[in-house]
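The next block holds one structure in the form of structure tokens; read it before the comments.
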Amino acid sequence: MKIEKAEVLVSSPDRNFVTLRITTDDGLVGLGDGTLNGRELSVASYLEAHVVPLLIGRDAHRIEDTWQYLYRGAYWRRGPVTMAAIAAVDIALWDIKAKAANLPLYQLLGGASRDGVRAYGHASGVDIPELFDSIREHQALGYQAIRVQTGVPGLGSVYGVASSPTVGGARYDYEPARRTALPVEEKWDTAAYLRHVPTVFEAVRSEFGPELTLLHDGHHRMTPIQAAKLGKSLEPYDLFWLEDCTPGENAEALRLVRQHTVTPLAIGEVFNTVWDYQTLITDQLIDYVRSAVTHAGGISALKKIMDFAAQFQIKSGIHGPTDISPVGMAAALHLDLAIHNFGIQEYMRHGDATNEVFIQSFRFEDGYLHPGDLPGLGVSYDDQVASKFPYQSAYLPVNRLQDGTVHDW
Ligand code: CS2
Ligand code: MG
């Protein structure tokens, strides 16, 4: 079964997506996600210029060989652009292989290890009343696990807070990438944030009780000792995890946090290979692996990372924001269903325009997701609808401290 055609499809329903479509000589079609928020065209050009010409004529069944060929053959290793491009190829080839077997992809990954994939959604509010409304909206949608983000008194717009959260359960409308020629800039004050967050969880717990599964994303903004302080201050509120509490490139930073708090730690959405996790996993400095299939080199690579993590009782928490396309989301769900060390799946829910371009078989019911049982990933791409949404330049915000110093967003 040879690769006959590979198309790089860039469309922008609700937001920009990069999709790779591979077609074989016997007419099978596979889709892959190569979306990298704010740097989409980098991945698209990497695929068009340096990957697609190498794919034509290759045996579509040779997924592992193709992965190694693209990883080692590039000479220059790792990085978000390279690994998103390789992921797009890997996901598309797994889609094809499962279609050739006439099986849903999870059956090729070991079959189902559970009945459904527990999901968490994003509740947010500029203040506590708005946050409570958003939590109730998400409970009404069926979520049993909810991420909590709020505004910080004295600050303007901050990460994770929708400008106008869902009304009537339409959907969480926080799209971080702004369609502007230059990145918008936000102001940050970690001390104000550290004072405020414990009061938010105190209010949420007293309003919603001890059972509701709660998560929080620190979004890389704290120093290790600040992260340790927050983790310790949140212990009474029994979080499922504190995510990206401090930049994860330095594993020793997590070791310091780990010495001070038993709040579970999740990290890795900006990582792109197993090497980013090596010490964090072997020294058990984290509890959840956050990579998306799209950003960690594909299904082949993320399954290897999760099999490695399983030896250290570390579980998955695959990244699932709106900037992971429904193709990347479907790939995550097939992996979630099959691996034993599944933790939880992020599910922000895509917008209506996105769901018109990407027709999906996965379903969300009573807080659980399931990839469906169509052959392959279970996603198809509507070119005609996609053509209505051409690429639009969009950037993630840039964050600065009160004195103007650039800070992690
Ligand atoms: C966030 C992401 O969902 C999350 O945990 O960290 O939404 C992140 O802000 C975006 O993926 C950035 O593009
Ligand atoms: Mg995050």
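Both counts, for ligands and for their atoms, begin at 1 and track the order of listing.
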Step by step, work out the side-chain contact (heavy atoms from CB on, under 4.5 Å) result for Asp283 and Arg258.
CA-CA 10 Å; Asp283 293 9; Arg258 206 56 154 185; over 6 Å; no
Run the ring-ring contact (aromatic ring centres under 6.0 Å, His included) check on Tyr120 and Tyr347 step by step: do they pass?
CA-CA 6 Å; Tyr120 76 87; Tyr347 182 47; over 10 Å; no
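Taking the six-membered ring for Trp and thresholds of 30 and 60 degrees, Phe17 and His350 have ring planes more than 60 degrees apart, a perpendicular arrangement. A tilted orientation is assigned to the rings of Tyr143 and His138, their planes being inclined by 30° to 60°. Classified by interplanar angle (parallel below 30°, tilted 30° to 60°, perpendicular above 60°), the ring pair Tyr106/His370 is perpendicular.
Protein atoms that are N, O or S and lie under 2.8 Å from the Mg ion (ligand 2) are these: Asp217 OD2, Glu243 OE2, Glu269 OE1.
For Met348, the heavy-atom gap to ligand 1 stays at 4.0 angstrom or more.
Geometrically, ligand 1 and Tyr120 share no nitrogen or oxygen pair separated by less than 3.5 Å. Between Asp244 and ligand 1, not a single N/O pair is under 3.5 Å apart.
If you number the atoms of ligand 1 from 1 as listed, the ones under 4.0 Å from a heavy atom of Asp217 come out as 1 (C), 4 (C), 5 (O), 6 (O). Taking every heavy atom of Glu243 and a limit of under 4.0 angstrom, the matching atoms of ligand 1 come to 5 (O). Here is the list of ligand 1 atoms found below 4.0 Å of a heavy atom in His122: 3 (O). Close approach of ligand 1 to Trp409 (heavy-atom distance below 4.0 Å) involves ligand atoms 9 (O).
Exactly one of His220, His219, His407 qualifies for a ring pair (Phe, Tyr, Trp, His ring centres under 6.0 Å) with Tyr159. That residue is His219.
For Phe312, the CZ atom sits in a packed shell: over 12 heavy atoms of surrounding residues, nucleotides or ligands are nearer than 6.0 Å.
By the 4.0 Å N-to-carboxylate-O rule, Arg255 lies close enough to Glu252 to be salt-bridged with it. Between Asp383 and Arg21, at least one side-chain N (NZ, or NE/NH1/NH2) sits under 4.0 Å from a carboxylate O, which counts as a salt bridge.
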